[in-house]
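Written below as structure tokens is the structure these notes are about.
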Amino acid sequence: MIYSRDLRSVVDDVLDPHFGAADQSPEASAALWSTITELGWPLVGVAEQAGGAGGDLADAAELAAGIGRHAIALPLVETGLTAWALAAAGLPVDAVRAGATVVVGDPGELRLGSVSGAWRLDGVLAGVRWVPAVPRVLVVGVGEDAVRVALLDRSAVQVDRTENLAGEPVGVLRLDGVIVADTAVAVGPAGLAADLVDRAALLRAAAIGGAIERACRLVTAHAQTRHQFGRPLIALQAVAHLLADLAVERDLVGAAVVAALDAPGPSSAAAARATAARSAGVVAAGAHQLHGAIGITREHPLHKVTRRLWAWRDEDGSQRHWELRVGREVLAGQADDALWSLVTGHVG
């Protein structure tokens, strides 16, 4: 699925030579990040007057899909989200060009207290993508009176490093009495935290969709070139049916992301994310079934995308989490208008 036609070819030209960049040297990854930064991609979706590169959410989704399609292990999506949140809070975005990530903490996880002209941050925030590897982390706290944001140097906080199934760094961010100057804490718009969660869900769905697209390409190529019983696998009816099923899953995720781009909101973002999570498992399983034993070897490229599908589908909430959120959104009112609008795209 193409979300930004003008950007799609550029993304493929830049990223295709680096497919599976997780296996490249740190120097190669750093060089690719330098290229991405020079192109302004971490600031796509942020208005130019706020210091960004311009573009809209569809452009940001195209970049996220490219990360998935080319199995790129770089914090492009996370840095873009950080820049967008900084701009929304009226803070400069240049500080995140070297890479950043963002985390939203609710009152049960994060405590912000004013202490003599400064702020004290306490809490434990788990599952923060890329926090062990980036120099900046934006903490968005939802307080009783306002949403506050603070951009922290990672060196100033404690991080317990882990990795997800794709080998990407994930960490537990421990804020134990971290003091931040009052001038470094900004008040964000009332809906910033919720909007950030929705935006992250939509971009993650786009990234999953990109990985699904690559998996479908790989499995189709395998079925066309691999012979069994004297003919290519794709000539077998059961194989052709399974390939068709995987293509349907690919298009379903793409359609859900497009619907969310056309009608942004918490219900459409959650629907896209839930759809992507379900399809991720279906496609990964089907792709490995068709590849057989060769698909699980390190030398074969399939695992570069399927490990991401398995990792990404459960990060920031499982499929069930997003399905429940869809239910809460569409059943919040007494009428069926919200459900009708979500299903059909029409109001009334």
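What's counted below: heavy atoms across the whole structure, side chains too, no hydrogens, waters or symmetry copies.
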Look at the side chain of Asp314 and the backbone N and O of Ala311, then say whether any donor-acceptor pair between them is shorter than 3.5 Å.
no
Does any part of the side chain of Arg199, heavy atoms only, come nearer than 4.5 Å to the side chain of Leu57, both counted from C-beta?
yes
Which atoms form the tightest heavy-atom contact between Val187 and Ala146, and what is the distance?
CG1-CB, 3.9 Å
Between Val124 and Asp176, is there a side-chain heavy-atom distance shorter than 4.5 Å?
no
Which of Arg307, Arg129, Lys304 passes salt bridge (Lys or Arg N to Asp or Glu O under 4.0 Å) with Glu168? It is Arg129
Do Glu163 and Arg161 meet the salt-bridge criterion of a basic N to acidic O distance under 4.0 Å?
yes
Main-chain N/O of Ala221 paired with Thr225 side-chain donor or acceptor, under 3.5 Å
yes
Side chains of Arg250 and Val283: does their closest heavy-atom pair fall under 4.5 Å?
no
Classify the angle between the aromatic ring planes of His222 and His300 as parallel (below 30°), tilted (30 to 60°) or perpendicular (above 60°).
perpendicular
Quick one: closest heavy-atom pair of Thr82 and Thr101, and the distance?
OG1-C, 3.1 Å
Would you call Arg8-Asp6 a salt bridge at under 4.0 Å N-O?
no
Polar side-chain atom of Thr35 near backbone of Ala31 as donor-acceptor pair, under 3.5 Å:
yes
Salt bridge or not for Arg214 and Asp16, using N-O below 4.0 Å?
yes
Is a salt bridge present between Arg278 and Glu249, judged by a nitrogen-to-oxygen distance below 4.0 Å?
yes
Between the main-chain N or O of Ser4 and the side-chain N or O of Glu62, is there a donor-acceptor pair closer than 3.5 Å?
yes
Below 4.5 Å, heavy atoms only, C-beta onward: do Val170 and Val131 meet side chain to side chain?
no
Looking only at heavy atoms, the pair that brings Gly105 and Leu125 closest together is CA-CD2, 4.0 Å
Is the shortest side-chain heavy-atom distance between Arg136 and Asp153 below 4.5 Å?
yes
Can you see whether His321 engages Asp316 through a side-chain donor-acceptor pair at a distance of less than 3.5 angstrom?
no
Decide if atom CZ of Arg226 counts as having more than 12 heavy atoms of other residues, nucleotides or ligands within a radius under 6.0 Å.
no
Between Arg313 and Ala280, which heavy-atom pair has the shortest distance, and what is it?
CB-CB, 4.0 Å
Please tell me if the side chains of Trp33 and Thr79 come closer than 4.5 Å, counting only heavy atoms from C-beta onward.
yes
